[in-house]
Number of protein chains: 2
Amino acid sequence: MKNAPDLSAQIAKSIRDAIVSGDLPIDERLPSEAELSEQFAVSRSTVREALKRLAAQSLIRTQRGATGGAFVNRLTFEQAYGQQITTSALLLSMNDVNFDTACEARFALERACAPLSAQRRTADHLATMRAEITRQAQPGLSDESFCASDVAFHRALVDGAGNPVLSYQLAGAVEAIEPLMNMITFTARDRSHIVGLHTAIADALDASDAPLVDKLLADLATYTAQLGQSVAAEKNGAKKITPKAN
Amino acid sequence: MKNAPDLSAQIAKSIRDAIVSGDLPIDERLPSEAELSEQFAVSRSTVREALKRLAAQSLIRTQRGATGGAFVNRLTFEQAYGQQITTSALLLSMNDVNFDTACEARFALERACAPLSAQRRTADHLATMRAEITRQAQPGLSDESFCASDVAFHRALVDGAGNPVLSYQLAGAVEAIEPLMNMITFTARDRSHIVGLHTAIADALDASDAPLVDKLLADLATYTAQLGQSVAAEKNGAKKITPKAN
DNA sequence: AGACATTTAAATGTCTGACAAATGAAAAAT
DNA sequence: ATTTTTCATTTGTCAGACATTTAAATGTCT
């Protein structure tokens, strides 16, 4: 019944609550480890384990030296991106999320920011997108590099919406799917089709034609889902053939 | 120049990479702390700090006792929801994200899953939404409870899309905005307008009328943004009045 | 042989004390 | 006044000990 968590977990929670509630403002210095161990009536090691837990969540940073200590850390969008991406990637791989589901989520979300991007994208975003398109058209490119460039292209599209919260939320959806995409073998024909759609999307964004961007993204979603289907089909086929041997 | 991270951070990264790469499968038991401290040639305390970092990210779980140890943890959608929500909430509050930006992101994402929800929502989802609408219409409800119910309503809408990845991504956007919404004072007229829109949305979902859901969500977005604007206006006004006193 | 009680070994959780390393500030020297 | 030195504070790391939990091994009785 009793599921008493570790002392270090309790202490971490206590400090975390103080940070989340705003009781401890940004850049505020926490008491030293020695002081905390007195306050909580535990040993220094236990306090340290609690602090490491918080550090792993980017809630605090530590500095050594006379004026050092643990400080409440301002969570930047950069740091949040990173956590979001690794968490999303793990979630997908550990729960055997199928390609269709991940793909559907990704394009649904991406289409959500397409109108905003058509309205606000800067020349910089367009330049990034066109640069990635050029890379994707190079003949000797590996499948992995192609996927990475695909991700960069879509990131630029999302960033074009000019809403950092959207970019943050989308980071997980767009990047976490990369490992799944890496399982696909892209034929020359596949690539040229995708590059064509990317080009059309860039052009439509250039012309601020939101409905067209939406339609093209829908096409891309359909096409990508088909590519994924063929991979899944091969897998299922293999799985079904094996028992047949009995 | 030299930015050598702590030993415990290095060891945590080493183990984390092994987990993310799939080298350590789910439910695999890590070597004991004593063994790890030998392998990495560090003390047991250092190993423990590394393990606590991983535990804070839900990458491992630990068990005491003879057959205990640290095990690679399957990251569940539940756990991921929680992390996503707290991270998003912190990100918004720590970076002074204004209401407009958060609101825009939230409704853009929500509209993305509206068509899917119109297509797939179950009777259960609709029942939850109508129950929340009923609660929202109660006269004595506090602003906080009203907001909480609002969040529950929108969660049901999102979950109706039947895509766990979408639900996970949206959790942050929908729930993290709650603290910002809590700063709004809802008049009786505001509430009745919102309840009216919620009812219309539930009806439209019931009728699987995706375009209508989209339109209603857009209306709700506009209305919510207006409410937020008035709060921001009061704040700015107050800020500008103070210096006038000089 | 089977059921129950006891012991034991292995593992994490916690504590204590110590030293190393970094670092800014105060004190001392020039 | 400026530079150098000393010093106190704080985190990082280590070693060893004991407490607690847990399941398996062992022993005991029916």
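Naming: A, B, ... by sequence-line order, numbering from 1 per chain. Side-chain atoms are counted along with the backbone in the values below, which use heavy atoms only and exclude waters and symmetry mates.
Using a distance-only test at 3.5 Å, with no hydrogens or angles considered, a donor-acceptor pair links the side chain of Asn163(A) to the main chain of Thr101(B).
A salt bridge links Asp27(A) with Arg61(A): at least one charged nitrogen is closer than 4.0 Å to a carboxylate oxygen. Checked for salt-bridge contact, Asp6(B) and Lys13(B) miss the test: no charged N lies under 4.0 Å from a carboxylate O.
Across all strands shown, Arg29(B) has heavy atoms under 4.0 Å from sugar-phosphate atoms exclusively, and none from any base.
Computed from coordinates, the Phe71(A) CZ to dT23(C) C1' distance equals 12 Å when rounded to whole Å. Remark: P of dA15(D) and CG of Leu7(B) are 12 Å apart, rounded to the nearest angstrom. The distance from atom CD1 of Ile11(A) to atom C1' of dC15(C) is 13 Å, rounded to the nearest whole Å.
A donor and an acceptor atom, one from each side chain of His125(A) and Thr128(A), are nowhere located under 3.5 Å apart. In this structure, a donor-acceptor pair under 3.5 Å is present between the side chains of Ser58(B) and Gln83(B). Side chains of Thr46(A) and Glu49(A): a donor-acceptor N/O pair is absent below 3.5 angstrom, by distance only. Counted by atom type alone, Thr76(A) and Tyr81(A) present zero donor-acceptor pairs between their side chains at under 3.5 Å.
A stem is defined here as three or more consecutive Watson-Crick or G-U pairs, each with both distances under 3.5 Å; for DNA chain D these stems are C:1-30 with D:1-30.
The aromatic rings of Phe107(A) and His154(A) lie perpendicular to each other, with more than 60° between the two planes, well past the 30° mark.
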In B/S/- notation, 5' to 3', how is nucleotides 19-27 of chain D contacted by protein heavy atoms closer than 4.0 Å? -BBBB----

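Within residues 43-51 of chain B, the residues approaching DNA chain C are Arg44(B), Arg48(B), by heavy-atom distance under 4.0 Å.
Atom CZ of Arg155(A) and atom OG of Ser167(A) lie 7.0 Å apart (nearest 0.5 Å).
Between Gln84(B) and Thr87(A), the closest side-chain pair of non-hydrogen atoms is not below 4.5 Å.
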